[in-house]
Amino acid sequence: MSGDKGGGSDGRTPGRDFVREIVAADLASGKHGGRVATRFPPEPNGLLHIGHAKAICLDFGVAAENGGTCNLRFDDTNPETEEAGYVEAIKRDIRWLGFEWSELRHASDYFEQLYDYGVHLIEKGSAYVDSLSEEEIRAHRGTVTEPGRPSPWRDRPLEESLDFFRRMRAGEFEDGAHVLRARIDMASPNMIMRDPVLFRIRRAHHYRTGSEWCIYPMYDFAHCLSDSIEGITHSLCTLEFVNNRAIYDWLLEEVEAPEPVPRQYEFARLNLEYTIVSKRKLLRLVQDGHVSGWDDPRMPTLSGLRRRGVTPAAIRNFCGLVGVAKADNRVDAAKLEYAIRDDLNMRVPRVMCVQRPLRVVITNFPEGETDWLDAPLYPHDVPLEGTRPVPFTRELYIERHDFMEDPPRRFFRLAPGREVRLRYGYFIRCEEVVKDEAGEVVELRCTYDPATRGGSAPDGRKVRGTIHWVSAEHARPCEVRLYDRLFRTRDPDRGDFLAQLNPDSLVVHADARVEPSIADDPPGTRYQFERVGYFISDEEDSRPDRLVFNRTVGLRDSWVKIRKQQMAQEARKAKGRGRKKRKRGKKRG
RNA sequence: UGGCCCGUCGUCUAAUGGCAGGACACCGGUCUUUGGAACCGGCGGUGGUGGUUCGAAUCCACCCGGGCCAACCA
């Protein structure tokens with residue numbers, strides 16, 4: 001059987017991954033009465049990134065596909081790192097990605113109930129207040145190979161724990177003086193189960209509850225109970241929480257949570273080549289100024305991808321392409337680029353922009369005259385209509401690298417004596433190369449063939465190359481920012497990630513020229529600059545008199561591939577010659 | 001080192017004891033007013049060893065390799 005079960009063999013629509021299999025089975029058995037309820041539980045201590053996109057597509061996707069619900073729940077149990085600003089940014093990013101939550105919740109909505117559960121656990125002897133210091137608790141926990149030792153407070157009377165817990169809440173103790181712990185098994189081979197801390201004292205300002213609380217629940221305590229309170233059926237999280245499932249299930253059982261209880265399922269988080277998705281490390285990049293902010297177009301954050309010009313659809317399609325499984329992975333960066341091009345190809349207009357201008361004078365075209373050409377906005381294979389006027393004049397700019405004085409084999413662009421097509425313009429022939437004192441090519445003098453207007457020759461003459469161009473007089477000066485991968489190495493998570501930053505991750509062409517037709521488009525408009533790549537006008541920095549474009553992704557470039565092959569070939573030849581010479585030399589000697 | 005999770009083309013992912021399939025990448029070709037796109041073709045995989053079975057990627061055992069866990073983070 002091929003993998004076409006439930007669709008997804010094309011990689012665009014969600015297929016039948018193991019999570020969806022489980023949900024389908026539960027639906028079939030009527031386990032939750034036909035209900036599917038998921039949640040996306042970000043902690044508001046940083047921005048969402050491409051890895052979260054995978055989780056979002058899964059959480060919201062599974063719910064939507066089954067007529068279920070998906071709550072957005074902020075997991076705000078650590079007031080020291082969380083901020084209201086992140087909450088709004090996260091909500092904006094989720095909506096931008098194309099999803100809407102059923103209900104907006106916060107773990108902090110449940111602080112009172114969570115406290116009551118703590119009391120309940122103490123009352124039934126399943127939790128106790130420990131008065132050991134943080135260091136002592138650590139020392140008592142043992143190691144992965146040695147069992148832990150019970151705290152001397154482990155068997156303190158229930159009433160005493162109850163009293164301490166009440167006074168912890170009342171603010172009678174300093175931070176760290178006491179904690180509430182589950183009484184489970186200090187010798188458990190699963191470290192998580194060695195009497196995990198449930199509540200700690202933390203006199204910090206919480207962005208929602210202010211100073212109402214000075215004790216805060218830990219993740220393991222808050223998460224399963226929040227799921228239960230919200231009636232979540234399938235609690236999806238990443239693989240690093242596999243060990244935590246034991247405490248998840250233990251707590252739901254201890255508090256006699258209503259049946260059927262939510263179940264946790266773990267999937268592999270997304271890792272992408274040449275980038276990192278650790279919030280801690282991303283924050284470091286921002287704080288240390290290695291990038292301009294969370295929304296720097298090189299960042300894997302959703303806001304960074306958005307500013308770079310990536311569409312929500314491209315990200316969703318990418319997540320579909322990647323799939324959901326339990327094996328650790330590191331996805332090929334080319335896969336994301338494919339998803340981006342695949343989406344943009346069908347939706348954005350083509351225009352011409354010259355990044356590194358080289359002046360071209362058409363010697364047989366009259367001075368002061370403008371020939372307005374009508375150029376299509378989309379290629380023949382994109383089912384969208386529209387044209388724009390493009391001015392042709394005596395002085396033009398072409399891309400500097402589209403001319404070579406001494407071209408290698410298979411170079412089809414402009415060279416002395418060669419004829420090329422100016423896209424949607426005329427055929428031109430290079431008659432003369434003008435250089436400065438330093439020998440640098442500063443201008444080309446060319447002739448055009450008036451009979452080739454629009455780009456085809458009535459005599460059937462063919463040219464191999466078509467290049468883009470702009471009118472020197474009409475083109476708008478602009479800045480083009482070429483973004484590349486942020487890291488030089490495939491797996492920057494290994495070793496010192498800062499040492500692996502790519503020094504060429506941003507190359508700016510400050511003196512580029514773009515055709516005038518787009519001058520009045522609003523910032524945030526996407527284009528394909530023909531033969532170059534997909535771009536978006538920068539929403540922060542682009543001004544009418546100073547357009548700024550971010551490269552979203554380059555076009556596939558088979559010429560650089562050919563060049564690489566040629567260079568490798570030449571290098572091999574040179575090596576071979578070197579060997580022969582040495583051999584001859586040896587014989588002679 | 002104790003426990004748990006995971007090993008399928010280069011990468012990601014299907015297979016639910018019955019023909020190892022798809023996508024990306026790569027290579028070749030067709031077409032082309034983008035060296036784009038599209039289309040056609042090709043390359044290429046079950047970590048190892050035993051066992052169960054008519055039949056094993058799938059079940060069992062052992063080995064090898066990778067990951068997670070010893071925060072009062074999530």
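A note on names: the letters A, B, ... follow the listed sequences, proteins ahead of strands, and every chain is numbered from 1. Please read all numbers here as calculations on a predicted model, not as lab measurements. Just so it is clear, the values below take in all heavy atoms, side chains as well, and ignore hydrogens, waters and symmetry mates.
- Ion pair A/E230/A/R73 flagged as a salt bridge, since at least one NZ, NE, NH1 or NH2 atom sits closer than 4.0 Å to an Asp/Glu carboxylate oxygen.
- Distances shorter than 4.0 Å separate some side-chain N or O of A/R494 from OP1 or OP2 on B/G67.
- Between B/C4 and B/C62, the two P atoms lie 12 Å apart (nearest whole Å).
- Nearest-nucleotide positions on RNA chain B place A/K54 closer to the 5' end than the other of A/E530 and A/K54.
- Applying the salt bridge (charged side-chain N to carboxylate O under 4.0 Å, His left out) test to pairs two or more places apart or on separate chains, those with a residue in residues 328-341 of chain A are A/R330-A/D491, A/R330-A/D493, A/E337-A/R341.
- Using a 4.0 Å heavy-atom cutoff across all strands shown, A/F411 reaches at least one base atom of the nucleic acid.
- Among the protein residues, A/R73 comes within range of no part of the nucleic acid, since none of its heavy atoms lies under 4.0 Å from any strand.
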* Dump the intermediate steps for salt bridge (Lys or Arg N to Asp or Glu O under 4.0 Å) on A/R347 and A/D343, then the final yes or no. => CA-CA 7 Å; A/R347 64 164 95 223; A/D343 181 56; 2.8 Å; yes
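- A/F164 carries A/R167 over the face of its six-membered ring, with the cationic atom under 6.0 Å from the centre and within 45° of the normal.
- Every residue meeting the side chain to side chain donor-acceptor pair (under 3.5 Å) condition with A/E136, not counting sequence neighbours, appears here in chain and number order: A/S133.
- Under the rule for a ring pair (Phe, Tyr, Trp, His ring centres under 6.0 Å), A/F403 has no partner lying at least two apart in sequence or in another chain.
- In terms of the ring pair (Phe, Tyr, Trp, His ring centres under 6.0 Å) criterion, A/F40 has no residue partners (sequence neighbours excluded).
- Nucleotides B/A61 and B/C6 have their P atoms positioned 14 Å apart, rounded to a whole Å.
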* To do: Evaluate ring-ring contact (aromatic ring centres under 6.0 Å, His included) for A/F549 paired with A/F529, printing each intermediate quantity in order.
  => CA-CA 10 Å; A/F549 299 99; A/F529 289 167; 5.1 Å; yes
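- B/G21 and B/U16 are spaced 15 Å apart, taking the C1' atom of each and rounding to whole Å.
- For the pair A/R208 and A/E82, the salt-bridge criterion is not met [side-chain N within less than 4.0 Å of a carboxylate O].
- Between A/A327 and A/Y424, the residue anchored closer to the 5' end of RNA chain B is A/A327, taking for each the nucleotide with the nearest heavy atom.
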* Structure fact -> A correct 5'-to-3' footprint of nucleotides 39-45 of chain B, with B, S and - meaning base, sugar-phosphate only and no protein heavy atom under 4.0 Å, is -------
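- Using a 4.0 Å heavy-atom criterion, one finds that A/V560 contacts no nucleic acid atom at all.
- Spacing between B/G28 and B/C63 at atom C1', rounded to whole Å, works out to 42 Å.
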* Fill in the dot-bracket string of RNA chain B, one character per base: . for unpaired, | for a pair to another strand, ( ) or [ ] for pairs within the strand, taking Watson-Crick or G-U pairs under 3.5 Å. => .((((((..((((....[..)))).(((((.......)))))....(((((..]....))))))))))).....
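- For A/E135, the CD atom counts as densely surrounded, since its 6.0 Å shell holds more than 12 non-hydrogen atoms of other residues, nucleotides or ligands.
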Any protein N or O atoms within reach of nucleotides 56-65 of chain B? Criterion: under 3.5 Å, listing atom names and distances.
none

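- Listed by chain and residue number, nothing satisfies the ring pair (Phe, Tyr, Trp, His ring centres under 6.0 Å) test with A/Y534 (two or more places apart in sequence, or in another chain).
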Please list, pair by pair, any protein nitrogen or oxygen found under 3.5 Å from a nitrogen or oxygen in nucleotides 70-74 of chain B.
unit_1, atom_1, unit_2, atom_2, d
B/A71, OP2, A/R138, NH1, 3.4
B/C72, OP1, A/R141, NH2, 3.2
B/C72, OP2, A/R141, NH1, 3.4
B/C72, OP2, A/R141, NH2, 3.0
B/C72, O2, A/R202, NH2, 3.2
B/C72, N4, A/L132, O, 3.3
B/C72, N4, A/E134, N, 3.0
B/C72, N4, A/G176, O, 3.0
B/C73, OP1, A/R202, NH1, 3.3
B/C73, OP2, A/R200, NE, 3.0
B/C73, OP2, A/R200, NH2, 2.7
B/C73, OP2, A/R202, NH1, 3.3
B/C73, O3', A/R200, NH2, 3.4
B/C73, O2', A/N78, ND2, 3.0
B/A74, OP1, A/T77, OG1, 2.6
B/A74, OP1, A/R200, NH2, 3.2
B/A74, OP2, A/Y219, N, 3.0
B/A74, O3', A/D75, OD2, 3.3

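- Every ring pair (Phe, Tyr, Trp, His ring centres under 6.0 Å) that A/H49 has, sequence neighbours left out, goes to A/H52.
- The side chain of A/F412 sits closest to B/G35 out of B/G35, B/A38, B/G67.
- Between A/D26 and A/R263 there is no salt bridge, since none of the side-chain N atoms of the basic residue sits less than 4.0 Å from a carboxylate O of the acidic one.
- Within 4.0 Å (heavy atoms only), A/R194 reaches no atom of the nucleic acid at all.
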Would you tabulate the pairs of protein nitrogen or oxygen atoms and nucleotide nitrogen or oxygen atoms of nucleotides 25-29 of chain B closer than 3.5 angstrom?
unit_1, atom_1, unit_2, atom_2, d
B/C26, OP1, A/K561, NZ, 3.2

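- The NZ-P distance, from A/K326 to B/C68, rounds to 16 Å in whole Å.
- Within residues 376-386 of chain A, the residues that have a heavy atom under 4.0 Å from RNA chain B are, in order of number, A/P379, A/H380, A/D381.
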